[in-house]
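Note sheet for the following structure.
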There are 4 protein chains.
Amino acid sequence: MPKKDEETQIQPPASSRATGEKYQRILDAAVAVFAEKGFHVARVADIASKAGVADGTVYLYFKNKEEILMSAINTAFDAFVNRARAELASIPSPPDKLRRLAHMHLSALGSNRNLAVVFQMELRQSARFLAPFSHEHMIEYLGLVREAIRQGQEQGFFRPDLNEKIAANCFFGALDEMVTSWVLASNEYPLEGTAEPVANVILHGLGK
Amino acid sequence: MPKKDEETQIQPPASSRATGEKYQRILDAAVAVFAEKGFHVARVADIASKAGVADGTVYLYFKNKEEILMSAINTAFDAFVNRARAELASIPSPPDKLRRLAHMHLSALGSNRNLAVVFQMELRQSARFLAPFSHEHMIEYLGLVREAIRQGQEQGFFRPDLNEKIAANCFFGALDEMVTSWVLASNEYPLEGTAEPVANVILHGLGK
Amino acid sequence: MPKKDEETQIQPPASSRATGEKYQRILDAAVAVFAEKGFHVARVADIASKAGVADGTVYLYFKNKEEILMSAINTAFDAFVNRARAELASIPSPPDKLRRLAHMHLSALGSNRNLAVVFQMELRQSARFLAPFSHEHMIEYLGLVREAIRQGQEQGFFRPDLNEKIAANCFFGALDEMVTSWVLASNEYPLEGTAEPVANVILHGLGK
Amino acid sequence: MPKKDEETQIQPPASSRATGEKYQRILDAAVAVFAEKGFHVARVADIASKAGVADGTVYLYFKNKEEILMSAINTAFDAFVNRARAELASIPSPPDKLRRLAHMHLSALGSNRNLAVVFQMELRQSARFLAPFSHEHMIEYLGLVREAIRQGQEQGFFRPDLNEKIAANCFFGALDEMVTSWVLASNEYPLEGTAEPVANVILHGLGK
DNA sequence: TATGAATGAGAGTTCATTCAT
DNA sequence: TATGAATGAACTCTCATTCAT
């Protein structure tokens with residue numbers, strides 16, 4: 001089980017000031033404000049104010065408002081995909097890989113509600129209208145899923161006739177919907193707790 | 001097989017039947033513009049221009065920009081849920097109900113790409129930040145799915161230990177991801193064509 | 001002798017509203033504000049306020065602040081050069097042409113102090129940093145001067161060994177400096193009144 | 001013939017002789033940046049960067065951005081007027097004085113294009129909107145010209161009926177226009193080379 | 001109903017200047 | 001002296017909405 005909080009910690013790029021302390025504060029504030037109001041309604045002044053810096057200071061760390069969102073998404077996504085790839089490498093069984101991914105996915109977003117809100121609410125828009133960089137991450141993530149499914153088919157765990165892309169979408173879509181549902185829910189419950197039943201349904205669905 | 005094009009036709013409210021033609025033109029233009037630029041970036045002037053009316057005319061039919069989006073979403077959602085409810089009533093087998101829903105879902109959005117884009121890109125935002133009315137539709141739709149699942153459990157088609165809400169999320173999430181994936185794809189393919197394999201995976205996953 | 005006030009009237013482009021009334025008010029206000037503060041220090045809000053319109057209204061008539069300045073300069077310059085060309089055509093004697101140009105030059109700017117200030121203070125900058133269009137006018141104007149000088153040389157009025165471009169610069173420079181000097185002077189005096197003595201010096205200087 | 005390069009060298013005030021080197025570097029950088037972008041568009045950071053110092057360092061030598069421009073203009077103007085006064089004192093003939101001034105004027109600016117650009121583009125603005133100190137220099141310079149003209153009239157070289165101020169403006173205006181024309185020209189040519197013909201025209205114009 | 005000119009609040013971004021180090 | 005991160009006031013331009021015609 002990964003340490004939850006660090007999982008989704010957003011890290012400053014190497015180019016930043018040594019400490020990155022203010023960078024981090026602005027990024028955290030931005031995620032909170034984006035989560036509360038949505039990217040377009042959020043004002044840079046809100047972010048600065050929440051981060052406890054002057055408006056202009058934001059622009060010492062980020063080129064513009066869009067870059068703040070992109071940084072938040074990309075950093076978290078990057079970290080997640082890298083951790084996921086590393087962990088999967090040490091798991092031989094394809095079904096176990098998917099089960100592990102389900103846990104990681106729901107744990108990562110379940111441990112940082114603001115980030116989860118931003119991912120569920122802004123990621124699709126950003127994939128379409130902002131830098132398509134974030135979409136690359138998505139493709140990479142789905143690539144991990146597809147790889148595991150392919151291996152599962154080869155090793156006889158999953159039905160070989162299933163279209164691998166559709167299967168991956170089912171897996172990802174189910175997890176994604178769990179997060180959306182959790183984000184929109186007013187009552188709090190541990191998101192990762194739903195990983196097993198979801199994995200169960202999908203793995204069973206993929207199996208023979 | 002449902003008649004595709006009419007499925008997602010947005011209907012004017014009874015009060016403006018007389019002028020329905022212009023109402024409809026504005027709504028269609030709005031969906032196209034929202035699909036192209038996203039709600040926040042779209043300008044009311046774009047919509048008016050695309051609808052071939054003056055800016056001010058838009059406000060004779062809609063209170064404000066937000067109401068245009070809400071009308072588009074609600075009208076389409078309403079129509080879809082009503083049709084879905086009606087169709088499901090005539091299908092006795094719970095698995096067949098879900099299979100039918102998958103077809104309707106993917107057919108409805110697959111037949112109107114602009115509307116699909118708006119649903120996939122704007123619905124979540126609107127559920128959170130705009131009138132939560134659209135979320136009601138979502139709950140209603142998921143209610144249909146849950147009902148079918150519950151019946152399937154009662155009738156022994158599906159595993160009785162599955163949490164019905166989670167199962168519904170898996171079903172809906174898988175379909176939703178197929179649409180998102182289709183919307184973001186550059187190459188064109190018939191969305192409804194993926195209904196069978198997706199239903200297959202999920203139904204198999206729910207089964208014993 | 002031309003009617004002074006109409007000489008420097010700035011006219012709206014054909015594309016404008018039929019009346020151009022507001023266009024004209026904004027342009028006049030802009031010239032006054034630019035004259036008072038200089039282009040960069042002048043705020044669009046100053047112009048709008050002085051014109052008695054809302055800030056946004058300015059942008060219904062001009063693309064941006066720079067275009068306001070360019071319009072003011074180009075319109076006045078255009079009108080001047082066209083009038084000058086027309087008048088010169090009816091004057092056979094080259095020295096009389098230059099004498100007439102001196103009067104027109106000083107009369108045009110002497111009848112609209114704000115415009116004169118803008119020309120003397122902003123024209124050079126605009127020639128360098130803004131659209132070089134205004135510089136084209138300058139070249140056109142100097143072309144008229146050079147043409148008259150060339151004719152004067154051919155007809156034996158002026159020394160044939162004088163470089164025509166340098167001679168034109170002397171003529172224009174002398175007039176220009178009279179305007180600058182008049183603009184910077186605190187005491188008021190009729191600018192056109194200096195046309196004769198200036199023309200006298202330069203024409204004498206060009207003569208044999 | 002004067003030594004060209006030193007002519008327009010900007011000197012630090014006595015108080016900062018010790019650190020004159022950095023003072024000078026900032027001033028030179030400022031002139032270059034002002035010449036390139038114009039005073040208002042130039043950023044202090046540009047100047048600091050070009051001078052190879054930190055932004056804050058600029059403020060150890062100058063009170064503000066405006067003072068940098070004023071210092072550059074005043075220092076160069078001061079040096080020029082002093083040299084001019086000294087040289088004229090040793091020239092007995094009024095026409096020769098003017099001829100010498102023409103050479104000095106065009107040589108001084110012709111030997112430092114950046115400074116020439118700043119003088120031609122920014123001096124008028126600064127005379128009006130910034131410290132009127134630079135205007136004092138102008139009056140002083142024109143005073144030298146007027147003095148020479150007056151002497152020329154008394155000694156019978158120039159027509160006695162000419163208004164001395166207008167005559168001085170013709171002289172200065174012609175030179176000034178030569179500089180402006182040279183600054184705006186894309187092709188390079190030695191500015192001082194135009195001193196003789198210009199002086200020729202004006203002196204002839206002033207003569208009997 | 002329909003128009004579209006006019007409004008004016010609002011937000012992102014820049015940059016001269018300061019000051020703790 | 002020198003630095004450069006931080007500040008925050010200021011300004012251009014946009015656009016949803018209104019209303020006189």
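Per chain, numbering begins at 1; letters A, B, ... match sequence-line order.
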Contact residues, residues 33-48 of chain A to DNA chain F [heavy atom, < 4.0 Å]: none
Touch class at under 4.0 angstrom, heavy-atom based, for B/Val58 against every strand present: nothing
With sequence neighbours excluded, residues passing salt bridge (charged side-chain N to carboxylate O under 4.0 Å, His left out) with A/Asp55: none
Qualifying residues under side-chain contact (heavy atoms from CB on, under 4.5 Å), relative to D/Ala35, sequence neighbours excluded: D/Asn114, D/Val117, D/Val118
side-chain contact (heavy atoms from CB on, under 4.5 Å) involving B/Asn74 - partner list, sequence neighbours excluded: B/Met70, B/Phe133, B/Ser134, B/His137
Any residue meeting side chain to side chain donor-acceptor pair (under 3.5 Å) with C/Glu122, in chain and number order, not counting sequence neighbours: D/Gln125
Parallel, tilted or perpendicular, as decided by the 30° and 60° cut-offs, for the rings of A/Phe34 and A/Phe39: tilted
Partner residues of C/Val44 under the side-chain contact (heavy atoms from CB on, under 4.5 Å) criterion, sequence neighbours left out: C/Val58, C/Tyr59, C/Lys65
Minimum-distance nucleotide (side-chain atoms of B/Tyr59 versus E/dT3, F/dA2, F/dA16): F/dA16
Residue pairs involving residues 67-78 of chain A (criterion salt bridge (Lys or Arg N to Asp or Glu O under 4.0 Å); sequence neighbours excluded): none
Set of residues satisfying side-chain contact (heavy atoms from CB on, under 4.5 Å) with respect to A/Asp46, sequence neighbours excluded: A/Val33, A/Lys37, A/Arg43
Which nucleotides of DNA chain F pair, in dot-bracket form (Watson-Crick or G-U under 3.5 Å, | meaning another strand): .||||||||||||||||||||
